[in-house]
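Report on one structure; see the data block that follows.
In what follows, every chain begins at residue 1, and chains take the letters A, B, ... in the order their sequences are listed.
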Amino acid sequence: MGQISEDQVRHVALLSRLELTEDDVRHFAHDLSSILGYVAKLDELDTSQIPPTSHSLRLENAFRDDEVGASLTNEQALANAPESEDGLFKVPPVIQDGGGA
Amino acid sequence: MTVLNYNCHERTKDPSMPAMSKYEPVIGFEVHVELCTATKIFCSCPTTFGSPPNTQVCPVCLGMPGVLPVLNRRAVEFALRTAMALNCNIPERCNFDRKNYYYPDLPKNYQISQNYACIGTGGWLDIETPAGTKRVRMNNVHLEEDAGKLIHPEDPGADYSLVDLNRAGTPLIEIVSEPDMSSAEDALAYMNTLKNLLEYLEVSDCKMQEGRLRFELNISVREAGTERLGTKVEVKNLNSMKTVLKCIEHETWRQTRLLEEGGRVMQETRLWDEAAGATRAMRSKEVANDYRYFPDPDLVEIHVTPEWRDAVRAHLPELQEAKRRRFIEEYGLPEYDARILTNSKPVASYYEAAVAAHPNPKALSNWMMTEVLRELNAREVEPADFALKPAGLAAIVRMIDEGRISGKIAKDVFAKAVESGRDPAEIVQAEGLVQVTDAGEVEKWVDEAIAENPDMVEKIRAGNTKTVQALVGQVMKKSRGKANPKIVNELIAAKLC
């Protein structure tokens, strides 16, 4: 497994909205590289005959029926919100560029 | 159901517009469709439109820690239906991935979507264009969750935004086409055909004004006749089909001008600015799209067994072609009528409800194709919201068939019913419009008309048959349309010919 560069750390920090000092960047580059090195041990296993999976459960098709259940009240929904207004969550301003959905 | 007619040349030509003939647009679509399930995709909150903000939310769709999403089976079946109708391959296994990004309309900071293994891949949709049938290839159909709604305060100086998460977690399918369209006409045919298909599939109510059906465009230009694709631009915030068409015209012009001036098109996401009638670059460019997709460990694999796939296919609702054939066979309608009535699922359903109430398919078809479609188009309403219900239309035709009202009165009753929402039978009763078939009563009007129009009488006696109709008209006028025209004709013939 390759080394994690300081630039990669800065990039991931930006994507995660984390503010890191130059000291942090150096430390994380080192620590993340060791973690990847440790996990790379798994590469020694021959998995060519094992189908890829995203979890360890032997489960598939866990569904629910399309039946309406209880929702929270507006008061409950907003109980943990630092700020709200007219039943809405109040957040720092966002430019009107639309979400990703 | 309104078929939008749009003239691509109606906008005033910009004098700086370069010769357009050299370049043509290359167009593909990403279409988001909110499914009409009762509940959200991963929790049992309802999906009703227009409820008070943040009242259809729970710990799952609010993204609270420690909650687990559980997949709505019907959402999967609706996605399967759509993928099948679009001729996609249906892989036996698919799963959900997390698309990571920070935006307050998504409380989890990731959207659950499908990236690596979609519910449907490949496929196609045939569209009818002025140049003939065109096949638009599909890239994929996938399932995901919708985001919440951001509300920006009217005050431009406001330093905050507001969030309503009622919509967060509503099941969406995204239909991604290949860039196989090359004009606004192609794009319009694609949008109409797809909307129509989705309505037939009964997977979404497709109300664009409620955001149930949303079109995103990708568009590039290339020299007409060449094969190589240019750099594409994605455009968001297109709220209607008309806007999409305006945007195609604008982007074709913008990109052509850039190339003609020796510049190049940047690959980017742009936003349609309705007020400006133009697209503009999104300002959040500094954070490149880097979604770090990975399989969602909270959700297990979907296994579409051959049995399940067959069962979904066997229960597909009746689609347009089948309905058209059935209208011809079951109702004895001409091909022409059947085609028009099945061009839109809601119109076809309205018609069938009317026929069920009064089995005179051809007469009802005539009323549908003329009166009803004209009013729906003029009023820009969906059949479901039309003031005259199918039973009301059936009642009008029944009254004609039973000889209670004349065709002429029926048109007036129709107009009144459409305007007021009143029951046609009640209108006829209340306004005394019942046709008079009593020969004695009709004779009084005939005698009056004869007495008042000696010149006509003379011409009829001289053998001028055309004047008979003029005199019948006079009688009808006297009776305010209520005299039975057949009896009027008979009486005039007996008296004068």
Side-chain angles (χ1 to χ4, degrees), chain A residues 4-5 7-19 32 36 39 50-101, chain B residues 32 37-39 43-46 52-59 62 70-76 93 95 99-106 111 144-147 150-152 158-165 172 236-237 271 282-284 287 290-292 294-297 299-303:
Chain A
I4 294 289
S5 72
D7 275 346
Q8 281 173 304
V9 172
R10 286 189 197 95
H11 178 63
V12 174
L14 173 66
L15 291 173
S16 307
R17 302 297 186 269
L18 294 173
E19 194 177 1
L32 290 171
L36 286 182
V39 175
I50 313 276
T53 180
S54 51
H55 48 73
S56 55
L57 300 173
R58 283 194 163 274
L59 270 181
E60 58 183 27
N61 291 353
F63 296 126
R64 34 172 281 273
D65 290 331
D66 186 27
E67 280 163 19
V68 176
S71 295
L72 297 177
T73 63
N74 182 255
E75 292 69 29
Q76 288 171 324
L78 296 174
N80 289 331
E83 283 190 88
S84 64
E85 185 176 294
D86 300 331
L88 296 147
F89 294 96
K90 196 167 174 181
V91 297
V94 280
I95 45 175
Q96 296 189 26
D97 278 359
Chain B
H32 284 98
T37 52
T39 65
C43 63
S44 56
C45 289
N54 297 310
T55 55
Q56 295 177 173
V57 291
C58 73
L62 287 174
V70 186
L71 182 56
N72 183 337
R73 180 198 308 269
R74 183 170 295 165
V76 180
R93 292 178 183 277
N95 65 289
K99 177 181 181 177
N100 299 279
Y101 64 91
Y102 282 78
Y103 206 68
D105 61 359
L106 262 181
Q111 179 194 25
E144 59 187 27
E145 58 179 343
D146 207 348
L150 284 176
I151 296 152
H152 306 281
D159 64 342
Y160 61 91
S161 295
L162 297 165
V163 190
D164 175 8
L165 294 173
L172 278 186
K236 295 185 171 211
N237 197 33
L271 281 189
M282 282 176 63
R283 283 173 292 173
S284 52
V287 181
D290 184 347
Y291 295 126
R292 291 148 295 145
F294 64 89
D296 192 318
L299 288 154
V300 298
E301 208 169 48
I302 303 172
H303 182 191

Would you mind checking which part of B/Pro104 comes under 4.5 Å of any heavy atom in chain A, side chain (CB onward), backbone (N, CA, C, O), both or neither?
-> side chain
Passing option when A/Phe89 is tested against B/Asp164, B/Leu165, B/Leu150, B/Ile151 for side chain to side chain contact (heavy atoms under 4.5 Å, CB included) | B/Leu165
Donor-acceptor under 3.5 Å (B/Ser161 side chain, A/Val94 main chain) | yes
For the student: nearest non-hydrogen atoms of B/Asn54 and A/Asn74, plus distance = O-ND2, 3.2 Å
Side-chain heavy-atom pair B/Arg74, A/Asp65 within 4.5 angstrom cut-off = no
Please step through side-chain contact (heavy atoms from CB on, under 4.5 Å) for the pair A/His11 and B/Asp290, ending with a clear verdict.
-> CA-CA 10 Å; A/His11 178 63; B/Asp290 184 347; 2.6 Å; yes
Non-hydrogen atoms of chain A under 4.5 Å away: do they reach the side chain of B/Asn237, the backbone, both or neither?
-> neither
4.5 Å side-chain heavy-atom contact, A/Phe63 and B/Val300 = no
Atom group of B/Leu299 that falls short of 4.5 Å from chain A, counting heavy atoms = backbone
Residue that, paired with B/Tyr160, satisfies side chain to side chain donor-acceptor pair (under 3.5 Å) out of A/Glu85, A/Glu83, A/Lys90 = A/Glu85
Side-chain heavy atoms of A/Asn61 within contact of B/Arg73, under 4.5 Å = no
Taking the side chain as every heavy atom from C-beta outward, state whether B/Thr55 and A/Thr73 have any pair of such atoms under 4.5 Å apart.
-> no
Who wins among A/Val68, A/Leu88, A/Asp66 for the most heavy-atom pairs under 4.5 Å with chain B?
-> A/Asp66
Check whether any side-chain heavy atom of B/Arg292 lies under 4.5 Å from a side-chain heavy atom of A/Leu15, and answer yes or no.
-> yes
Do A/Leu72 and B/Leu62 come within less than 4.5 Å of each other through their side chains, counting heavy atoms only?
-> yes
Contact origin within B/Pro59 toward chain A - heavy atom pairs under 4.5 Å | both
Any A/Ser71 side-chain heavy atom under 4.5 Å of B/Val57 side chain = no
Run the side-chain contact (heavy atoms from CB on, under 4.5 Å) check on A/Glu67 and B/Thr39 step by step: do they pass?
-> CA-CA 6 Å; A/Glu67 280 163 19; B/Thr39 65; 5.5 Å; no
Checking B/Leu162 against chain A: side chain, backbone, both or neither under 4.5 Å from a heavy atom?
-> both
